[in-house]
Amino acid sequence: MNVSKKAGHRFGAHRVIAPPGTMPQNAWKLDDTPVPFANEILCDVDALNLDSASFAQIRAFCSDDEQKIAEHILATVRERGKQHNAVTGSGGMFVGRVREIGEDLRGIDLREGDAIASLVSLTLTPLRLNAITGVQVASGHVSVRGTAILFESASWSKLPPDIDPGVALAVLDVAGAPAQIERLVRPGMTVVVIGADGKSGVLACARARARLGRSGMLIGVAPRASESATMLVRERIVDRFVEADARDALSLSELVSNEAPALADLVVNCVNVDGTELASILCAKDSGTVYFFSMNTSFTAAALGAEGVGKEVTMLIGNGYTKDHAAIALQTLRDNAAVHAYFKKYYAFARPAERLL
Ligand code: NAP
């Protein structure tokens, strides 16, 4: 039963507690009360996927100790009413089930009990956690018992029946990457994906390959010949694999220019570490494009780095939202059995249920 009849602000401004005048994303604290306004959706939350930049920072801070990671996340959410990492500024997303739909939203294609993934950042999602029941250090999945509120403007996706929810959670978190690649890549281009063997990198490579067909050249870059990097080569998704540390801008750009002397029309940055802006810029040709999907990107380093080396490149920020991004990301999995198998191996929800913390 919906107990609240009043509509809140479409973008959730009514949920901001502090500081006054901010919006939910840049607010310090949100109201996480699990009673929906007439234009909100209340969800029971089963799991969080912390975005890679945030989870890497929390893992390092907590020395990879699952108990400490859980306490750290609980403390953040209790203090802020949302999972917003104050160091990286990033969040992640959740999967759960719809508990209640505000009466103004009754016409949407969603029913109480539906399993969904949020497609808006946890940095702006009112979240209340009653318990953390498991932390999967390798995947960044955190099993929880709690509630979340989706605003009228929020995007969400019903969980597909043919894809494991843990895989969907991992893929939908980075859905903007393959969707943007769909727009940016044209046949014949030379494309470099840095951080090619991570979640967004693998999906970006698979989508780029589909757009290129057998034309152009696709170069994947990662710091080691990992299982997923090997899969990208074996499946002929990438034409070349370059093993390099992208923080070493000169070495990486030299290795890339050995493979593609005219450099790249498009460079896609999917890394989860700081300090790779200049390498991305140097791998692009003059008048090329650099798409910074990574949350570790520094505007200052990118802007001043490009100026310093005299490169006129178009630099794009990885907008988390792109029209149809969820559908494009999930379809990328369905189109690529090897990519889907990789995601299943590492991101399918652990069974039996995770150890209680
Ligand atoms: P991920 O799965 O952890 O992958 C990170 C990748 O970066 C891996 O391939 C990793 O290689 C590679 N890498 C790490 N250090 C490197 C180095 N020194 N040189 C070259 N490659 C390096 O991360 P993800 O989930 O794909 O996310 C990637 C980035 O996108 C993160 O910053 C994340 O926060 C951000 N993100 C952005 C959005 C958005 O809307 N724009 C949404 C979600 C996430 P190894 O695994 O071999 O170490």
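Each ligand, and each atom within it, is numbered from 1 in the order the structure gives. Computation of the quantities below employed the complete heavy-atom set of this structure, encompassing side-chain atoms and omitting hydrogens, waters and symmetry-equivalent molecules.
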Q.
Among Leu127, Leu122, Thr123, Val77, which residue satisfies the side chain to side chain contact (heavy atoms under 4.5 Å, CB included) criterion with His84?
A.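 Result for side chain to side chain contact (heavy atoms under 4.5 Å, CB included) with His84: Thr123.
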
Identity and distance of the protein heavy atom lying nearest [atom]:
{"atom": "atom 29 (C) of ligand 1", "answer": "Val271 O, 3.3 Å"}
{"atom": "atom 33 (C) of ligand 1", "answer": "Asp51 OD2, 3.5 Å"}
{"atom": "atom 12 (C) of ligand 1", "answer": "Gly195 CA, 3.8 Å"}
{"atom": "atom 2 (O) of ligand 1", "answer": "Lys199 N, 2.9 Å"}
{"atom": "atom 46 (O) of ligand 1", "answer": "Arg224 NH2, 3.6 Å"}
{"atom": "atom 14 (C) of ligand 1", "answer": "Asn272 OD1, 3.2 Å"}

**Q.** Closest to atom 32 (O) of ligand 1 among Ile194, Leu50, Thr322, Asn296 (heavy-atom distance)
**A.** Asn296

Q: Only heavy atoms count here, so choose which of Gly198, Ser294, Ser200 is nearest to atom 24 (P) of ligand 1.
A: Ser200

Answer yes or no: does an N/O atom from [X] fall short of 3.5 Å to an N/O atom of ligand 1?
{"X": "Ser52", "value": "yes"}
{"X": "Val273", "value": "no"}
{"X": "Ala53", "value": "yes"}
{"X": "Asp197", "value": "yes"}
{"X": "Phe293", "value": "yes"}
{"X": "Gly201", "value": "no"}

Q) Are any of the heavy atoms in Cys270 under 4.0 Å away from ligand 1? A)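 Per 4.0 Å heavy-atom rule, Cys270 contacts ligand 1.
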
Q: Output, in order, the C-alpha distance, side-chain angles, deciding distance and verdict of side-chain contact (heavy atoms from CB on, under 4.5 Å) for Ser257 and Leu263.
A: CA-CA 6 Å; Ser257 71; Leu263 297 175; 3.8 Å; yes

Q. So which bit of Asp173 gets within less than 4.0 Å of ligand 1, heavy atoms only: side chain, backbone, both or neither?
A. both

Q | Which segment of Ser226 sits under 4.0 Å of ligand 1 when only heavy atoms are counted | A | neither

Atoms in ligand 1 flagged as close to [X], the criterion being non-hydrogen separation under 4.0 Å:
{"X": "Gly318", "value": "39 (C), 40 (O), 41 (N)"}
{"X": "Ala246", "value": "17 (C), 18 (N), 19 (N), 20 (C)"}
{"X": "Asp245", "value": "17 (C), 18 (N), 19 (N)"}
{"X": "Gly320", "value": "40 (O)"}

Q) Are the side chain of Arg80 and the backbone N or O of Trp28 linked by a donor-acceptor pair below 3.5 Å? A) yes

**Q.** Ser121 side-chain N/O to Leu124 backbone N/O, donor-acceptor pair under 3.5 Å
**A.** no

Is it true that [X] and [Y] have a side-chain N and a carboxylate O under 4.0 angstrom from each other?
{"X": "Lys82", "Y": "Asp32", "value": "no"}
{"X": "Asp265", "Y": "Arg186", "value": "no"}
{"X": "Arg247", "Y": "Asp274", "value": "no"}
{"X": "Asp104", "Y": "Lys6", "value": "no"}
{"X": "Arg334", "Y": "Asp162", "value": "yes"}

(Q) Run Thr276 and Asn269 through side chain to side chain donor-acceptor pair (under 3.5 Å) and show every step you take. (A) CA-CA 8 Å; Thr276 65; Asn269 184 315; 2.9 Å; yes

Q) Is it the case that Ser63 and Asp65 place a side-chain donor and acceptor less than 3.5 Å from each other? A)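 No donor-acceptor contact under 3.5 Å links the two side chains.
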
Q: Consider only side-chain N and O atoms of Glu235 and Asn336, and report whether a donor and an acceptor are under 3.5 Å apart.
A: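 There is no such pair (donor and acceptor under 3.5 Å, judged by atom type) between the side chains of Glu235 and Asn336.
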
Q.
Any non-hydrogen side-chain atom of Leu316 less than 4.5 Å from a side-chain atom of Val290?
A. no

